[in-house]
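Each remark here refers to the structure printed beneath this line.
Below, chain A is the first sequence line, B the second, and so on; all start at residue 1.
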Amino acid sequence: MTTANPESPATPSNFLRDAVAEDVRTRKYGDAQIQTRFPPEPNGYLHIGHAKAICINFGLADEFGGKTNLRFDDTNPEKEEQEYVDAIQHDIRWLGFDWERLCFASDYFPQLYEWALQLIRAGNAYVDDLSADEIRQYRGTLTEPGKDSPYRNRAVEENLDLFVRMKKGEFPDGSRVLRAKIDMASPNLNMRDPVMYRILHATHHRTGDEWCIYPMYDFAHGQSDSIEHVTHSMCSLEFADHQPLYKWYIAQLGIFPSQQIEFDRLSLTYTLLSKRKLLQLVQEKRVNGWDDPRMPTLSGFRRRGFTPEAIRAFVNTAGVSRTNGIVDIEMLEHFQRDDLNHRAARAMAVLHPLKVVIDNYPADQVEYVDVANNPEDPAAGTRQVPFSREIYIEHDDFREVPPPKYYRLSPGKEVRLRNAYFITAQSVVKDAAGNVIEVHCTYDPASRGGNSPDGRKVKSTMHWVSAAHAIAAEIRLYDKLFTRPDPGEVEEGKTFLDNLNPDSLEIVTDAKLEPSLAASKPGDRFQFERVGYFCLDPDSTPDSTPRKLVFNRTLALKDTWARIEKKSGV
RNA sequence: UGGGCGAUCGUUCAAUGGCAGGACAAUGCCCUUUGGAGGCAUUUAUCCAGGUUCGAAUCCUGGUCGCCCAGCCA
């Protein structure tokens with residue numbers, strides 16, 4: 001049962017949907033419903049690329065009234081862990097999907113073993129004593145055929161005896177394998193007597209030490225699909241070459257023929273989606289764990305403040321094909337900004353405070369101005385924000401010598417403090433080094449709320465926080481984890497680690513926030529007006545003393561001024 | 001140099017023999033109590049060469065280019 005709704009109103013056609021629709025139309029499976037599956041290996045955390053596979057598998061089944069199983073492809077005990085099994089389930093639910101059945105390839109080990117015996121009896125599988133190295137040599141190359149193993153024509157009884165003893169644990173790791181007897185001269189290397197079982201005296205996260213032989217992917221996946229009556233087994237492109245083998249096992253065994261269909265993986269600019277490399281980043285502590293907000297994992301995006309709705313909308317819009325391209329990360333960011341723009345509560349926060357003293361404002365006066373919680377959504381209501389004589393504004397919002405097209409505060413210039421008053425800069429106070437540390441202004445009492453009765457206009461509106469009421473927070477500003485659009489592109493002698501962005505995390509420790517933010521809870525998302533979207537990090541302790549608030553920047557707001565500045569070649 | 005898959009705006013996905021369209025990005029203008037958001041407009045594409053057809057991105061032939069495969073990983 002799926003809980004997510006179709007994201008885009010007009011779903012463009014794609015070859016996967018077409019294939020399913022055609023099978024439904026022709027009643028290929030009779031009264032049986034469409035069945036799909038999402039088959040992760042629990043050897044790492046799910047990333048944005050998996051989100052695509054999840055949306056495709058769950059989405060298509062849902063669209064055609066079918067079901068989706070979550071099946072862990074746990075046939076390699078050396079790489080798989082329970083931690084990953086748990087995290088994966090959590091992430092799929094977070095994304096908005098729920099499965100019909102929770103399955104494990106390891107649940108099928110007994111059945112797979114029986115099927116292996118069946119293939120041996122039929123003369124279609126044999127135990128090979130060749131070493132891994134020898135098997136490689138015998139396999140041939142891309143252009144040369146392989147040659148038969150000297151053990152290829154063992155008698156059925158001997159194969160049976162040996163395989164049973166492999167299972168009993170009589171042989172050491174790597175000493176023997178069970179192989180399918182197909183064709184050592186096949187141009188498809190997957191058909192050159194592929195290994196079905198290897199000996200691995202390893203403890204499996206679910207079956208413990210019950211088994212010491214483990215099936216290979218190819219001998220497990222298709223049959224698992226078949227057992228679950230999967231009608232459409234959608235996987236990534238690199239498995240296309242495996243399809244003949246997938247079909248061969250199913251045909252030899254005479255079991256339900258699931259249909260494999262391949263599609264392209266998702267790739268994103270400035271993003272690495274190799275599980276091996278992501279694991280390396282975690283293990284070498286280049287990032288702070290799988291859920292580091294800079295990671296392209298679902299848990300990383302979640303902590304960063306991304307929403308499942310935006311990720312789904314992005315994945316659905318990016319589409320699916322059989323070409324391998326790279327989607328611009330800006331597209332993902334667009335969908336996230338769009339989503340948050342509509343939903344996120346607004347607040348005022350000053351990241352780099354500059355004190356402003358309003359000289360003609362009564363020293364002990366505090367008034368509360370009415371502020372919309374979300375201008376995009378009147379239903380979000382309003383709140384009261386304290387205003388007083390001393391406030392903080394963003395350091396960037398004042399220039400003693402304003403460059404061309406700079407509309408913000410500078411000496412003699414009048415600007416609007418959002419929802420409050422017009423102020424005009426009169427003088428500055430500098431430290432010994434000549435840095436502006438304080439700006440003195442005057443305000444127009446008639447402009448309360450942000451409009452002047454005489455109708456005069458100001459070019460700029462700025463956010464602010466009352467100094468006396470401000471609360472402190474740590475703010476973590478994230479940037480791209482890698483400096484290159486393709487992080488895997490490396491020069492001679494370098495690795496992808498050399499493409500790590502040294503400035504991917506900037507910590508601001510002295511941000512000043514409006515007091516209402518004190519009530520936020522980890523996971524709460526906000527738009528800090530004119531700055532960006534932020535999410536309260538789990539490192540926060542909003543309810544303890546001392547209270548600690550840590551906000552992660554999800555994304556910065558688009559910044560026209562920054563673009564102008566950049567274009568003017570500074 | 002074997003086999004498999006693919007090629008459409010800068011990027012990505014459509015068009016299923018009948019006006020090449022959307023999204024992202026970019027550019028310009030309008031609007032704006034967020035230089036946000038929004039609105040309008042603009043630019044740019046069928047890998048190449050032949051062929052079939054009234055008509056080809058689509059079908060055929062031949063090239064070119066790209067990706068994947070030689071784990072006892074998945």
Within less than 4.0 Å of OP1 or OP2 of [N], is there a side-chain N or O belonging to [X]?
| X | N | answer |
| --- | --- | --- |
| His334(A) | C24(B) | yes |
| Arg418(A) | G35(B) | no |
| Arg322(A) | G4(B) | no |
| Lys52(A) | U12(B) | no |

Assign [X] to base, sugar-phosphate, or nothing according to its heavy-atom contacts below 4.0 angstrom with the strands shown.
| X | value |
| --- | --- |
| Val531(A) | nothing |
| Thr560(A) | sugar-phosphate |
| Asn451(A) | base |
| His242(A) | base |
| Asp18(A) | base |
| Ile135(A) | base |
| Gln527(A) | base |
| Asn188(A) | nothing |
| Leu237(A) | nothing |
| Tyr214(A) | nothing |
| Val195(A) | sugar-phosphate |
| Asn341(A) | base |
| Asp73(A) | sugar-phosphate |
| Gly325(A) | sugar-phosphate |

[X] [atom1] - [N] [atom2] separation (whole Å):
| X | N | atom1 | atom2 | result |
| --- | --- | --- | --- | --- |
| Met331(A) | C13(B) | CE | C1' | 8 Å |
| Ile326(A) | A25(B) | CD1 | C1' | 16 Å |
| Tyr533(A) | U34(B) | OH | P | 13 Å |
| Gln137(A) | A70(B) | CD | P | 16 Å |
| Glu333(A) | U12(B) | CD | P | 17 Å |
| Met191(A) | G3(B) | CE | P | 16 Å |
| Asp241(A) | G6(B) | CG | C1' | 13 Å |

Interatomic distance at [atom1], [N] relative to [M], whole Å:
| N | M | atom1 | value |
| --- | --- | --- | --- |
| G6(B) | A57(B) | C1' | 15 Å |
| U32(B) | A23(B) | C1' | 25 Å |
| G3(B) | U43(B) | P | 46 Å |
| C72(B) | U58(B) | P | 42 Å |
| A20(B) | A15(B) | C1' | 7 Å |
| C69(B) | A74(B) | C1' | 14 Å |
| C59(B) | A26(B) | P | 35 Å |
| A56(B) | G50(B) | P | 14 Å |

What I want to find out is whether [X] reaches [Y] closely enough, with some N-O distance under 4.0 Å, to be called a salt bridge.
| X | Y | value |
| --- | --- | --- |
| Arg71(A) | Glu228(A) | yes |
| Glu41(A) | Lys275(A) | no |
| Arg17(A) | Glu63(A) | yes |
| Arg198(A) | Glu78(A) | no |
| Arg408(A) | Asp396(A) | no |

From [options], nucleotide with atom closest to [X] side chain:
| X | options | value |
| --- | --- | --- |
| Ala240(A) | G4(B), C24(B), C13(B) | G4(B) |
| Trp561(A) | G35(B), C24(B), C73(B) | G35(B) |
| Glu41(A) | C24(B), A74(B), C72(B) | A74(B) |
| Thr143(A) | U34(B), U1(B), G28(B) | U1(B) |
| Val327(A) | U12(B), G2(B), G36(B) | U12(B) |
| Arg139(A) | G71(B), G35(B), A74(B) | G71(B) |
| Arg346(A) | C13(B), U34(B), A25(B) | U34(B) |
| Met216(A) | U34(B), A23(B), C73(B) | C73(B) |
| Arg136(A) | G3(B), U34(B), G71(B) | G71(B) |
| Thr323(A) | C73(B), C24(B), G6(B) | G6(B) |

- Message: Would you say Gln384(A) and Asp370(A) are linked by a side-chain donor-acceptor pair, where the criterion is simply a distance under 3.5 Å?
- Response: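 Looking only at side-chain atoms, Gln384(A) and Asp370(A) do form a donor-acceptor pair, the distance falling under 3.5 Å.
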- Query: Does the side chain of Asp225(A) come under 3.5 Å of the side chain of Tyr246(A) through a donor N or O and an acceptor N or O?
  - Reply: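 On atom types as modelled, these side chains qualify, holding a pair under 3.5 Å.
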- Task: Measure the acute angle between the ring planes of Phe528(A) and Phe534(A), then classify it against the limits of 30° and 60° as parallel, tilted or perpendicular.
- Result: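 Parallel: the ring planes of Phe528(A) and Phe534(A) meet at under 30°.
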- Flag the pair Cys55(A) / Phe314(A) as yes when at least one side-chain heavy-atom distance between them is below 4.5 Å, and no otherwise.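 The answer is no; the side chains never approach within 4.5 Å.
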- Message: Aromatic contact between Tyr197(A) and Phe219(A), with the criterion being ring centroids under 6.0 Å apart: yes or no?
- Response: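 When the ring centroids of Tyr197(A) and Phe219(A) are compared, they turn out to be within the sub-6.0 Å range.
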- Task: Determine whether the aromatic ring centres of His204(A) and Phe109(A) lie less than 6.0 Å apart.
- Result: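 Between Phe109(A) and His204(A), which both carry aromatic rings, the centre distance is below 6.0 Å.
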- Message: Please classify G4(B) as syn or anti, treating any glycosidic angle within 90° of 0 as syn.
- Response: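 You should classify G4(B) as anti.
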Under the 3.5 Å rule, do the base of [N] and the side chain of [X] count as making a donor-acceptor pair?
| X | N | answer |
| --- | --- | --- |
| Glu330(A) | U11(B) | no |
| Arg563(A) | G35(B) | no |
| Glu376(A) | G36(B) | yes |
| Thr461(A) | U32(B) | no |

- Message: Stem list for RNA chain B, please, built from Watson-Crick and G-U wobble pairs under 3.5 Å and keeping only runs of at least 3.
- Response: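 Consecutive-pair runs (3 or more) involving RNA chain B: B:2-7 with B:64-69, B:10-13 with B:21-24, B:26-30 with B:38-42, B:47-51 with B:59-63.
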- Message: I'd like to know if the side chain of Asn159(A) and the backbone of Arg154(A) have a donor-acceptor N/O pair within less than 3.5 Å.
- Response: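 Yes.
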